[in-house]
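Starting from 1, each residue takes its place in the sequence as its number.
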Amino acid sequence: MTQLDAALQSAANLARGGRLREAEAACRDILTRAPQAAGAHALLGQLLMRLSRPAEAREHLELVARSAPAAPIFILYAQCLASLGDTRNAVGALEAAAAREPASWQTQMQVALSLAQLKHPGAAPAFERALPLLPADARVLEQVANSLRAAGEYRPGVRVMRRITELQPGNPDAWLALGGGLFYLRDFDASEAATRRAIEIAPTRAPAHSALCRVLERTNRLAEARDAGLRAVEQARGAEAAQASWELARVERRLGHLESARDRLLACLNAPGVSADMLASMHVELGLTLDGLKDYARAYHHFSTGQAQWLELPRTRIHAPERFPERLRAYEAVDWKAHAPRWPASRPASRREARQAPVFFVGFPRSGTTLLETMLAAHPRFAPTDEEPVLTTDVINPLRRRMTPGASFPEYFCALPDSAMDDAEAGYWAGMERELGPERLAGRRLLDKLPLNICFLPVIRRVFPDARVLVALRDPRDVCLSCLFQEFRPNDAMVHFGKLETAAALYAQVMGLYRRYRNELGLSIMESRYEDLVAEPEARLRAILDFLGEPWDDAILSVVRGTQSRDVKTPSYRGIGQGVYTRSVKRWMNYREPLTPLLPMLEPFVQAFGYDPSGGA
């Protein structure tokens, strides 16, 4: 071993021992004596990344990357570039890594995960390259599945889990894990089948019965869910008991057994071995139960406690609260009155003849969008999207990737030629066919419901100027309160719903932007108030269908009566199975005290959307 190699080994040992500053100094000392030592540059680049100094790391990793190194350096270099916002070159570095070791499943999987983290469309084909390379080793596959689950990549994760069940068909844990992954993907039929297989193999395993209770509750089969929950509670021991009681309490609340649900949940809060994630959910569930018991002060305490704990979970903390409002401020800065009149008032004839424009259904979350979507989805003319974010993933994001660093997306979008909208629309339909399948779109009118697409109405206006837009409205005070009452999957927008004040602030920003759009974009818009819909569902639905140019169909009334069986993918699934009810109207009046400081922020919208500031009729 040369003296240089020995010094580098010593620096690496310091790094492995967590002595990063000393390791950095050792690397710099090596480079004063051997400025081109690739190993020292590589190690120093890694250290600077671990020390959260990517700008300094870049020069060292770039130097090593020029010498055609092994794939891991390219992957580290890509991570460095991504952290600096240089997505284009980060993707190039990842492609170089994949090309270096095309037969290595480790490299190909790392590349796929890195592309997914960048939300790059190349992630899907990268996973397709990586998955067939995985070895037929259940232990390795389990490690990969855990990595994919931790990264939120459930689709490839489920494929890996299926391979584990093929290798170990008698392993109940493998089937249970597969059922959990499928549940997250909202493939509830397949999740139930996998969970029942786990129970067949190990009939006395409480976690499997708890999982079955969960999927049955999620599909509104409450009597069956209660039976599964009771079996889980009977069989559970130790830490499993809290999980079983929590699942059963959720079902009991929905069945109206509120005192029993409350008592179970209160016991669970003090049970040993309860994870932070479960504890956050238990508090929210207890809040819902106490709300049903009209114990509003204690209900609000548990809602607030549960959401505060949710905000501290690692999967929530990775989302920066400032990102989404900052993105909206870029839209606020644009003079839409100057741009919109210059855009064509209709699509070119070739595009209009190829496909009818979608119906875009938007609004602030918890404004009743799921109820109205489910009603319209019962009409044979409509194909609902189940909140697939295609407008963002297949229209906005590809355009953003073409921008030069530092450019503002809305301004860049406004400067594009009209001809660029042809490709934008083609990308939109390609994304919808990928997510829904072409057969679901054939001969039907697409109902693209994603509430926060309300923020991106300028994109809809320019790509689909002939689209009809439905906007769901609800009393802003009930909206913000309802956001606090729900468990959302965290993202840059949903993290604002962990506190009543941040939910109200986001509402004011989003709906303030909408009020500008309504007056400035020239879209064909109809507003639908939740309170009017639940009071007179048939009359409101007839008016909406007239606006959309579609005939009446009595199938819509199946939702009004509570006989609609369509799976609902959002937190509103509990209410949809009950038909139309009015008990959520003016719910905010039960929580007037915590809402009082926020009323001045919400009052302009209360008045603008026709609600009584006092809460009267």
Side-chain angles (χ1 to χ4, degrees), residues 328 332 336 359-376 449-455 457 460-461 468-485 497 500-501 503-548 556 559-560 572 575 580-592 594-617:
L328 297 188
E332 292 169 343
W336 298 110
V359 175
F360 287 95
F361 186 20
V362 300
F364 200 81
R366 306 304 300 164
S367 293
T369 54
T370 300
L371 174 62
L372 181 51
E373 181 206 28
T374 305
M375 290 173 165
L376 293 175
K449 173 241 181 178
L450 189 61
L452 284 177
N453 275 348
I454 194 170
C455 304
L457 286 177
I460 292 171
R461 161 66 180 87
R468 296 297 175 101
V469 178
L470 282 173
V471 178
L473 298 178
R474 184 183 179 190
D475 188 314
R477 297 158 294 193
D478 277 330
V479 169
C480 295
L481 192 68
S482 186
C483 288
L484 187 74
F485 288 6
F497 300 156
L500 197 53
E501 55 268 31
L506 187 65
Y507 181 94
Q509 185 178 22
V510 169
M511 299 311 287
L513 195 54
Y514 162 66
R515 290 177 66 190
R516 280 189 55 197
Y517 291 158
R518 181 177 61 180
N519 297 327
E520 298 173 10
L521 289 179
L523 273 164
S524 182
I525 289 176
M526 180 179 185
E527 296 176 345
S528 173
R529 297 200 331 168
Y530 170 79
E531 296 80 1
D532 299 334
L533 182 66
V534 298
E536 298 182 305
E538 184 170 343
R540 296 307 305 156
L541 286 164
R542 287 186 182 277
I544 289 167
L545 288 172
D546 285 345
F547 167 71
L548 299 178
I556 288 178
V559 182
V560 179
S572 301
V580 173
Y581 55 85
T582 60
R583 62 179 176 270
S584 293
V585 175
K586 298 182 184 178
R587 197 178 196 177
W588 71 271
M589 297 182 71
N590 299 321
Y591 298 87
R592 187 185 289 271
L595 271 166
T596 295
L598 306 174
L599 295 181
M601 185 190 307
L602 298 175
E603 187 173 355
F605 305 97
V606 170
Q607 296 189 5
F609 300 143
Y611 296 98
D612 186 337
S614 69

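Minimum heavy-atom separation, Pro365 to Cys483: O-SG, 3.8 Å. Considering all non-hydrogen atoms of both residues, Arg592 and Ser614 come closest at NH2-O, 3.5 Å. Between Pro476 and Leu602, the closest heavy-atom pair is O-CD1, 4.2 Å. For the residue pair Val479 and Ser367, the shortest heavy atom distance occurs at CG2-OG, 3.6 Å. The minimum heavy-atom distance linking Ala508 with Met601 is given by the pair CB-CG, 4.0 Å. Closest approach of Val585 to Tyr530, counting heavy atoms only: CG2-CE2, 4.1 Å.
Taking the six-membered ring for Trp and thresholds of 30 and 60 degrees, Phe609 and Tyr514 have ring planes inclined between 30 and 60 degrees apart.
Because its NZ or CZ atom is both nearer than 6.0 Å to the ring centre of Phe547 and within 45° of the ring axis, Arg468 counts as a cation-pi partner of that residue.
For Phe605, the ring pair (Phe, Tyr, Trp, His ring centres under 6.0 Å) test picks out Tyr507, with sequence neighbours left out.
One finds the CD1 atom of Ile525 at 11.0 Å from the CZ atom of Arg461 (value rounded to the nearest 0.5 Å). Note that OG1 of Thr374 is 11.5 Å distant from CD1 of Ile556, once rounded to the nearest 0.5 Å. Ser528 OG to Ile544 CD1: the interatomic distance, rounded to the nearest 0.5 Å, is 4.0 Å. Between atom CH2 of residue Trp336 and atom CG of residue Leu513 there is a gap of 8.5 Å, rounded to the nearest 0.5 Å. We find the CE-CG distance between Met589 and Leu481 to be 12.5 Å, quoted to the nearest 0.5 Å. The distance from the CD atom of Glu501 to the CG atom of Leu506 is 13.0 Å, given to the nearest 0.5 Å.
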Val359 vs Leu376, test: side chain to side chain contact (heavy atoms under 4.5 Å, CB included). Steps then yes/no.
CA-CA 11 Å; Val359 175; Leu376 293 175; over 6 Å; no

Worked check of side chain to side chain contact (heavy atoms under 4.5 Å, CB included) between Cys480 and Trp588:
CA-CA 9 Å; Cys480 295; Trp588 71 271; over 6 Å; no

Give the intermediate values and the outcome of side chain to side chain contact (heavy atoms under 4.5 Å, CB included) for residues Arg518 and Leu457.
CA-CA 9 Å; Arg518 181 177 61 180; Leu457 286 177; over 6 Å; no

Take Thr369 and Val362, measure what side chain to side chain contact (heavy atoms under 4.5 Å, CB included) needs, and give me the verdict at the end.
CA-CA 7 Å; Thr369 54; Val362 300; over 6 Å; no

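Here Arg540 does not pair with Glu536 in a salt bridge; the nearest charged N to carboxylate O distance is not below 4.0 Å.
The closest side-chain heavy-atom distance from Arg366 to Phe497 is not below 4.5 Å. Between Arg587 and Asp475 there is no side-chain heavy-atom pair separated by less than 4.5 Å. Between Leu548 and Met526 there is no side-chain heavy-atom pair separated by less than 4.5 Å. Residues Ile460 and Leu521 fail the side-chain proximity criterion, which asks for heavy atoms closer than 4.5 Å.
The backbone N or O of Lys449 lies less than 3.5 Å from no partner atom in the side chain of Asn453, so there is not a single donor-acceptor pair. In this structure, Arg529 contributes its side chain and Gly610 its backbone to a donor-acceptor pair below 3.5 Å.
Between Tyr611 and the options Glu531, Arg477, Arg474, a side-chain hydrogen bond (donor to acceptor under 3.5 Å, both in side chains) holds for only Glu531.
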